[in-house]
Structures are given as structure tokens and as C-alpha cells.
Amino acid sequence: MTRLPANEARVAVLSGDGVGPEVTHEAVRALRAAATRAGLGLTLEHGLLGGAAIEETGVPLPDDTLALCEASDALLVGAVGGPRWDGLPADRNPGPGGLLRLRRDLDLFANLRPASTLVPEASPLRVPTVDILLVREAVGGLYFSPERGRRRDGSTEIGWDTMSYTAEQVRRIAVVAFELAAAREGRLASVDKANVLESSRLWRDVVDEVASDFPQVTLDHLYVDNCAMQLVLRPQDFDVIVTENLFGDVLSDELAGLVGSLGLLPSGSLRSDRFGLYEPVHGSAPDIAGTGAVNPAAAILSAAMMLRHSLGHDSAAADIERAVASVLRRGTRTPDLAGAGPAVSTSSFGDAVVAEIERHPAAEAS
Ligand code: IPM
Ligand code: MG
């Protein structure tokens with residue numbers, strides 16, 4: 001789809017819980033700085049999501065928030081959840097009842113999770129760089145079981161979920177992944193568990209069908225257990241990975257481990273038009289909330305993804321990415337990456353990124 005740059009954009013900011021508001025604050029500052037230089041006017045409106053919404057309204061995804069999202073061009077989300085709400089049933093819980101419902105109700109099926117080496121010494125790997133794009137199906141599969149439940153059965157209790165996909169659900173995520181692979185290095189790994197699961201056998205057949213439309217892309221099928229191992233052994237061989245919702249959830253945290261910190265991984269969840277939700281891969285980290293210790297890079301890089309994928313401003317996105325990379329290259333470290341060395345606060349990191357965006361010669365409005 002052509003991504004014409006917008007001159008005006010309406011962005012809903014749902015900062016959520018725990019460290020969410022802190023990282024979102026820095027992401028908004030970077031977004032504003034980059035947008036101003038690109039001639040993009042932004043209207044930012046704040047909405048409640050997750051535990052913050054439960055406290056104010058009793059529900060994790062209030063109708064007002066959903067209406068705000070539907071009227072926006074893109075969403076910037078912080079993180080949801082925390083011990084206070086952990087015990088709540090799924091429909092009233094910040095995760096399933098808030099964030100997951102938002103993904104599903106807005107049909108944000110294509111969850112893009114890029115992982116690239118920004119701080120080489122933070123990675124436990126010996127390879128020089130990792131540059132992998134995980135494409136996670138985000139509105140189907142095991143997370144959204146049509147059949148799920150929990151009941152007593154005689155002397156025991158049963159809980160069950162089902163993994164199911166329609167061919168159409170697999171096809172549309174496969175097309176997104178092939179298109180992205182064609183625009184990168186042309187290598188796609190489709191990850192499933194087709195030696196055991198029926199839904200994976202369907203997944204594999206459909207991905208093979210879609211492959212015939214993309215002769216320029218080399219396709220490999222991997223079982224998810226093997227993929228988890230290969231990512232550690234030879235991460236440099238991966239380009240784009242496409243997989244089911246739960247497999248993608250697990251593998252994306254593995255990617256975070258490979259690049260050295262969850263604080264470095266952004267994400268975007270896209271619909272078939274340009275609308276999307278952008279959020280760091282990390283969670284609400286309640287243990288460090290309010291201490292200024294969280295790394296805002298993942299949230300800031302998520303704002304860059306928004307500029308690229310939803311607002312059509314590639315060069316403003318690149319301005320943010322360049323600024324984050326250069327701040328990290330200079331050795332600016334939040335505690336997650338500082339080791340025994342000196343660490344800066346969340347807001348100092350954000351200051352450095354904004355200064356770097358503003359220092360760079362103005363980009364053409366893209
Ligand atoms: C993620 C998170 C969410 C998920 C949680 C918060 C529901 O782990 O975005 O990876 O499982 O999708
Ligand atoms: Mg996760």
C-alpha cells in the first residue's frame with residue numbers, strides 16, 4: 001500500500017500502568033521533535049487503558065478509549081498490568097481485557113517486532129550484530145481460543161484453550177511477512193509445530209501457497225522448538241520470522257535476550273490499512289515504576305515505527321532511530337544496560353535523544 005505522508009495526524013496516547021507513563025512521556029517528546037522537523041502537525045489525546053482505566057472507570061478498556069482509538073490515525077501505548085490487578089478474571093484484567101481486546105477489536109493482526117543490535121556489549125552472543133524482524137500474528141491462535149474454559153471434573157479441575165486458525169487469517173499474516181522480507185534481505189522463516197498440531201499443518205500449507213507469489217523470497221519452515229535453539233546458535237542467519245500468536249510472544253522475548261535488553265525492543269501492530277498501535281515489547285515492570293530507572297528506548301523506537309508505518313514519514317522515523325543509536329553509541333546507559341558503570345535516568349536518556357534529533361540537519365518532509 002502507498003504510504004502518503006500525512007500533514008496532520010491524530011494520535012491517541014494510552015500510557016497505561018507501571019513504567020508505561022514514564023516511557024510514553026519520553027516517546028511523545030521524541031515524536032513531537034521529529035514531527036515538527038518533518039512538518040507534521042500532531043494532535044495528541046490521552047486515554048485510559050489497563051489498570052489505570054480500572055481504577056477510574058472499573059473496566060480495563062472503557063468505551064471512551066475505544067472511541068478515541070477509532071477516531072485516531074495511530075495509537076501509542078505504554079504498558080499494562082501489575083500485581084494489583086493480576087487476580088482479576090480475563091475480561092476485567094488489564095492484559096486480556098485491555099491490551100489484547102484492543103488488538104483484537106481493532107483487528108491489529110500484524111504485530112511487527114524488530115530486534116537489532118544497538119548495544120553490542122549488552123548481547124550475550126558472540127556474533128557481531130543481530131537484525132531480525134519477527135512478524136507475530138496477533139489476533140488469533142491460542143490467545144483467542146474460540147473454545148476455552150475451566151471446570152471441575154470429578155475430583156480434578158480442567159482448564160483448556162484451543163489453537164485455531166482459518167486459512168484467511170494465516171494468508172493475510174503470511175502476505176505481510178513475505179512483503180516485508182522482499183523489502184529486506186529476502187529470507188523468511190515460518191515457524192510452527194507442524195509435527196504435532198493441526199493448526200500448524202494448515203499454517204504451513206497456506207504459507208507455501210503464498211510463497212508462490214513471492215519467488216524473490218527464500219522460505220524455510222522451522223518447528224518452534226528448533227527455532228528457539230537456532231536463534232541462539234545462528235541468529236545472524238535470520239531475516240524475517242513469521243509465526244503464531246503465542247509462539248511469537250515467546251520468541252520475541254528471546255529476541256530481547258539476544259539483543260541484550262527488553263528495553264530496546266519496539267513493536268507495532270498493524271491493521272490492513274495504515275492504522276496501527278505502537279508499544280514497547282516490555283511490560284509494566286511495576287518493581288521499577290516511578291524510579292526513573294526504566295529504559296525508554298523501546299517506547300521511543302515504537303514512536304519511530306508509528307511515523308514509518310502509520311503516518312508515512314520515513315525520514316522522521318529514521319531521525320528518531322539515528323538519534324537513539326547515536327545516544328547509545330556515545331555510552332548513555334539506563335540501568336538495564338549500565339552493568340557496573342554509570343547510569344542515566346529515563347528522562348535524561350529522553351533529553352539526549354531529543355537533543356540529538358534537533359541537532360541533526362533538518363530532514364525533508366518525507
Ligand atoms: C506482549 C505481552 C502481552 C502479550 C501481554 C501483556 C498480554 O507479553 O505484548 O508480548 O502476551 O501479548
Ligand atoms: Mg510478551
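We count ligands from 1, going down the list as the structure has it; atoms in each ligand are counted the same way. FYI, the numbering just counts along the sequence from 1. Just so it is clear, the structure is predicted and the values come from calculations on it, not from any experiment.
Within the protein, the N, O or S atoms lying under 2.8 Å from the Mg ion (ligand 2) are D249 OD1.
For atom 10 (O) of ligand 1, the closest non-hydrogen atom on the protein side is D249 OD1, 2.8 Å. Looking at atom 6 (C) of ligand 1, its nearest protein heavy atom turns out to be L99 CD2, 4.3 Å. For atom 1 (C) of ligand 1, the closest heavy atom belonging to the protein is R113 NH2, 3.3 Å.
The aromatic rings of Y165 and W203 stand perpendicular to each other, their planes meeting at an angle above 60°, with 30° marking the opposite boundary.
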Problem set entry | side chain to side chain contact (heavy atoms under 4.5 Å, CB included) between E321 and L301, worked out | CA-CA 6 Å; E321 288 160 351; L301 292 169; 3.9 Å; yes

Exercise. Yes or no on side chain to side chain contact (heavy atoms under 4.5 Å, CB included) for V327 and R330, after CA distance, side-chain angles and deciding distance?
Worked result: CA-CA 5 Å; V327 165; R330 284 204 302 268; 3.7 Å; yes

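The one candidate from D161, N245, D249 that meets the side-chain hydrogen bond (donor to acceptor under 3.5 Å, both in side chains) condition with Y143 is D249.
Checking only distances, S252 never comes within under 3.5 Å of ligand 1, N or O to N or O. Among the atoms of Y143, some N or O lies under 3.5 angstrom from an N or O of ligand 1.
Classification of D220 and R187 as a salt-bridged pair fails, no side-chain N sitting under 4.0 Å from a carboxylate O. Salt bridge annotation for R84-D17: absent, with no cationic side-chain nitrogen under 4.0 angstrom from a carboxylate oxygen. Classification of K193 and D225 as a salt-bridged pair holds, one side-chain N sitting under 4.0 Å from a carboxylate O.
Within the listing of ligand 1, atoms 1 (C), 4 (C), 9 (O), 10 (O), 11 (O), 12 (O) sit less than 4.0 angstrom from a heavy atom of R136.
Distances from ligand 1 to the non-hydrogen atoms of H282 include no value under 4.0 Å. Remark: distances from the non-hydrogen atoms of R103 to ligand 1 include one below 4.0 Å.
Atom 4 (C) of ligand 1 is flagged as protein-proximal [any protein heavy atom, distance under 4.0 Å].
Transitive grouping of hydrophobic side chains (ILVMFWY, heavy atoms separated by less than 4.5 Å) keeps V294 and L99 in distinct clusters.
For the pair R92 and W85, the cation-pi test (distance below 6.0 Å, angle within 45°) is failed.
Heavy atoms only, all atoms of each residue included: P296 and T334 are closest at CD-CG2, 4.0 Å.
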